[in-house]
Amino acid sequence: MSERKGFFTDTSVCIGCKACEVACKEWNQVPADPQGLTGNSYDNSGELGANRWRHVAFIEQKVSVGVEEAPPESFAREAARQSLVSDGLDPHEDADGFRWLMSSDVCKHCTEAGCLDACPTGALFRTEFGTVVVQPDICNGCGYCVVSCPFGVIDQREGDGRVWKCTMCYDRLKDDMEPACAQACPTDSIQFGDLDELRERAARRVERLHERGREEARLYGDSEDDGVGGFGAFFLLLDEPETYRLPPDPVVPTRRTPEVWAAALGAAAVLAGGVAASFLRGRR
Amino acid sequence: MNPKGGEASMVPRERPTTYYGRPIVKRPVWKPEIPLYFFFGGLAGASANLATAATFAGRPRLARRAWAGAFVGVTVSPVLLIRDLGRPKRFLYMLRVIKITSPMSLGAWILAANGGATTLAAGLNLLAPRRRAGLPEIGAALVGAPLATYTAALITNSAIPAWSEARLEMPFVFASSAAASAAGAALLTVPGEETEPARALGIAAVVVEEAASRIMLKRLGPLASAYEEDEAGKADKVARALSAAGAVALVAGGKRGSDGSRGARRARGRRAAKHPAAPGGDPARRAITAAGGALLLAGAVCKRWAVFKAGFASAADPDQTIDLQRDRMAAERRPGA
Ligand code: SF4
């Protein structure tokens, strides 16, 4: 087995260009699914699903990035802007004490993957790169993975009946190439590599941002102690996860499976016992 | 915080925004075949138990009716399951693997095993009505009970908050609803002789189902709104009304001595000279009992529909996902909690 591969998506340098969405669609031949205008900022593609394996979120917030506090045309303002640029955060600034958050979402390739645990056919499997992939020639479209993913990632494709999601470009990985989205990303917001190394890199990045007073920066999914045993694709965020449509404390359903089966077996015993007991009366 | 509030909102906090109100977990892609399958699977599993118990108790007529119910349930079930698949022709791929982590996987095996045993047992009982309970009967009963309850495990072993958090109670709701269905079907076909145990089972099942549902909703706290509002809420009200009416009809249709067990037959024999009764008892009471059986069946269908729809409502509401996780995080941080 090779090193576990992963994505580190550093949303602090995302410029919202959607190159990842396009590259993913092109390389993986993911069908188009026009949504029309959503009215939700520049996001007209909604969320991850069967036909969208990378999705760029746009959030407009009335939160200052620290430039406008200084008087206009002052030296202090110029210094604040320079610091923003050197942190890579300048695309997030807008006028009137207003900031942008942009983030490219993707399947988390969970260490304990709900989709994989749920799959009754073996169509979902763990690759030699530690990623989670669906085999379309085996999936029978039962839909159980759809309700088992704590992130609402995998979904059934209309008219096709099977489920689809990010494969971390399994075909490219086998040829020693990086996934299409990471290659297309012009700012290195999407970084691909060995997961261990990415985690170290991410820790350094968040530390640097904290040193520069960007206390809101945080890693999401970098720890193996979380409810899914750590993400294979994790993130640096500038706000709470739910702002980006990410669950704050995801837990794989399988952690509860022992309780689930115990309750089902207990109820089955009560059912059998109750039926037998209904014969006691009237029998003499 | 859930606007309807509740005990779970003990921890005061600023509510983080959602992403344009978009759901976090995906809505199920399952069609109406799935809740119908929950009903028929429950009917099949509980009927197999009823039939086997009736065989042991020496009530062959009740056994035959219950086997018919079990056979119908176990024949319709795979049809519904296959119709729901995105690729129906690949149904058998379910039996490529066996996975304890997946109630869908184990369930497919349970259904297959119960289908075999029930078909065999029902066939043998048709050929030899006075047959003693053997391996097929016992097998069908043993796999039948989990067939009725694993479908609850199927939905609670998911990322949908209102389903997942009901994991301890839902199987009991399904078990009692299945018992009511089995009793209802048996009483519907030919009520009268030998059916007293089915009547008792039906009445008890409705009481237990109501109690289990109440406990479930109470423990769900704010998540219960998924079961109480909109389509799920309406279906649940209808389900409870139908089941309650069915139970009342079963009580009303009950009559001492209308039963065909040995004891009852003896009692009837003593009275027979004075009051020659129509075989199987009073036709009015039989009609009331049959109506009660039909009401129980209808109630069980509505109950599964309500539970099914509650999952959609819960998935569609990002606040349910966020509140559950935030409250859990806060509780874990609280010292001594
Ligand atoms: S994010 Fe969802 S689809 Fe991706 S591996 Fe985890 S459970 Fe599976």
Side-chain angles (χ1 to χ4, degrees), chain A residues 38 40 46-47 57 59 114 117-123 138-144 146-152 154-156 160-162 240 242-250 253-254 256-257 259-261 263-272 274-276 278-279 281-284, chain B residues 16-20 22-26 28-30 46 49-50 53 57 85-87 90-91 93-94 96-97 99 101-102 104-105 108 141 145-146 148-150 152-153 156-160 164 167-168 171-172 174-175 178-179 196-197 200-201 204 259 261 263-264 321-322 325-326 328-329:
Chain A
T38 60
N40 301 338
E47 62 196 45
I59 299 135
D117 289 341
C119 178
T121 63
I138 298 192
C139 173
N140 70 4
C142 78
Y144 199 25
V146 176
V147 292
S148 300
C149 170
F151 302 93
I154 194 164
D155 206 358
Q156 195 175 38
D160 171 282
R162 295 170 293 181
E240 299 290 355
E242 42 271 61
T243 310
Y244 299 87
R245 191 193 159 263
L246 294 166
D249 183 25
T254 320
R256 324 270 197 225
T257 304
E259 274 173 52
V260 163
W261 278 133
L265 280 180
V270 168
L271 172 60
V275 169
S278 63
F279 283 82
R281 228 178 49 148
R283 199 183 173 202
R284 215 139 291 160
Chain B
T17 51
T18 64
Y19 186 68
Y20 302 107
R22 281 191 175 269
I24 289 183
V25 293
K26 284 264 185 285
V29 293
W30 291 328
N49 274 273
L50 183 60
L85 291 180
R87 291 282 166 119
R90 295 184 179 173
F91 172 64
Y93 286 19
M94 293 267 192
R96 276 178 89 239
V97 289
K99 265 160 110 172
T101 56
S102 172
M104 179 76 87
S105 169
T149 61
Y150 98 81
T156 61
N157 197 62
S158 76
I160 294 181
S164 164
R167 57 187 172 270
L168 297 184
F172 293 91
F174 273 39
E196 282 318 302
L201 180 65
D259 175 348
S261 69
T321 304
I322 296 169
Q325 298 184 9
R326 284 281 169 199
R328 186 171 63 215
M329 289 161 85

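Just so it is clear: chains get the letters A, B, ... in the order the sequence lines come, proteins before strands, and each one is counted from 1.
The two residues A/Val270 and B/Phe172 have their closest heavy-atom pair at CG2-CE2, 3.8 Å. Closest of all the heavy-atom pairs between B/Ala145 and A/Ala268 is CB-O, 3.4 Å. When all heavy atoms of B/Ala159 and A/Cys149 are compared, the closest pair comes out as CB-O, 3.6 Å. Minimum heavy-atom separation, A/Tyr144 to B/Ala153: OH-O, 4.0 Å. The two residues A/Asn140 and B/Leu85 have their closest heavy-atom pair at O-CB, 3.5 Å. Across all non-hydrogen atoms, the minimal contact from A/Gly46 to B/Tyr19 is O-CE2, 4.1 Å.
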Run the side chain to side chain contact (heavy atoms under 4.5 Å, CB included) test on B/Tyr150 and A/Val260 for me, step by step, so that the C-alpha distance in whole Å, both residues' side-chain angles and the decisive distance to 0.1 Å come before the verdict.
CA-CA 9 Å; B/Tyr150 98 81; A/Val260 163; over 6 Å; no

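Judged purely by atom type and a 3.5 angstrom limit, B/Arg96 uses its side chain to pair as donor or acceptor with the backbone of A/Thr121. B/Trp30 places a side-chain N or O within donor-acceptor distance of the main-chain N or O of A/Cys142, the cut-off being under 3.5 Å. Judged by distance alone, the side chain of B/Arg90 and the main-chain N or O of A/Cys139 form a donor-acceptor pair under 3.5 Å. The closest donor-acceptor contact from the side chain of A/Arg256 to the backbone of B/Asn157 lies at 3.5 Å or more, if one exists at all.
Put simply, of B/Ser105, B/Ala152, B/Ala175, B/Ser158, the one with the most heavy-atom pairs under 4.5 Å next to chain A is B/Ser158. For the options A/Ala57, A/Gly114, A/Ala272, heavy-atom pairs under 4.5 Å to chain B are most numerous at A/Ala57. Put simply, of A/Leu265, A/Thr254, A/Ile154, A/Val146, the one with the most heavy-atom pairs under 4.5 Å next to chain B is A/Val146. Between chain A and the options B/Met104, B/Arg328, B/Arg87, B/Met94, the largest number of non-hydrogen pairs under 4.5 Å is found for B/Arg87. With chain B as partner, the option from A/Gly266, A/Pro248, A/Pro250, A/Ala263 having the largest number of non-hydrogen pairs under 4.5 angstrom is A/Pro248.
The shortest side-chain heavy-atom distance between B/Lys99 and A/Asp117 does not fall under the 4.5 Å cut-off.
The CG atom of A/Asp249 sits 12.5 Å away from atom CD1 of B/Ile322, with the distance rounded to the nearest 0.5 Å. Note that CD of A/Glu242 and CD of B/Gln325 are 8.5 Å apart. Values are rounded to the nearest 0.5 Å. Rounding to the nearest 0.5 Å gives a distance of 8.0 Å between CH2 of A/Trp261 and OG1 of B/Thr149. Interatomic distance, CG of B/Leu201 versus CG of A/Leu271, reported as 8.0 Å (0.5 Å rounding). Remark: B/Thr18 OG1 to A/Arg245 CZ distance equals 11.0 Å, nearest 0.5 Å.
Contact of A/Val147 with chain B is made through backbone and side chain together, with heavy-atom distances under 4.5 Å. B/Phe174 does not touch chain A: none of its heavy atoms, backbone or side chain, sits under 4.5 Å away.
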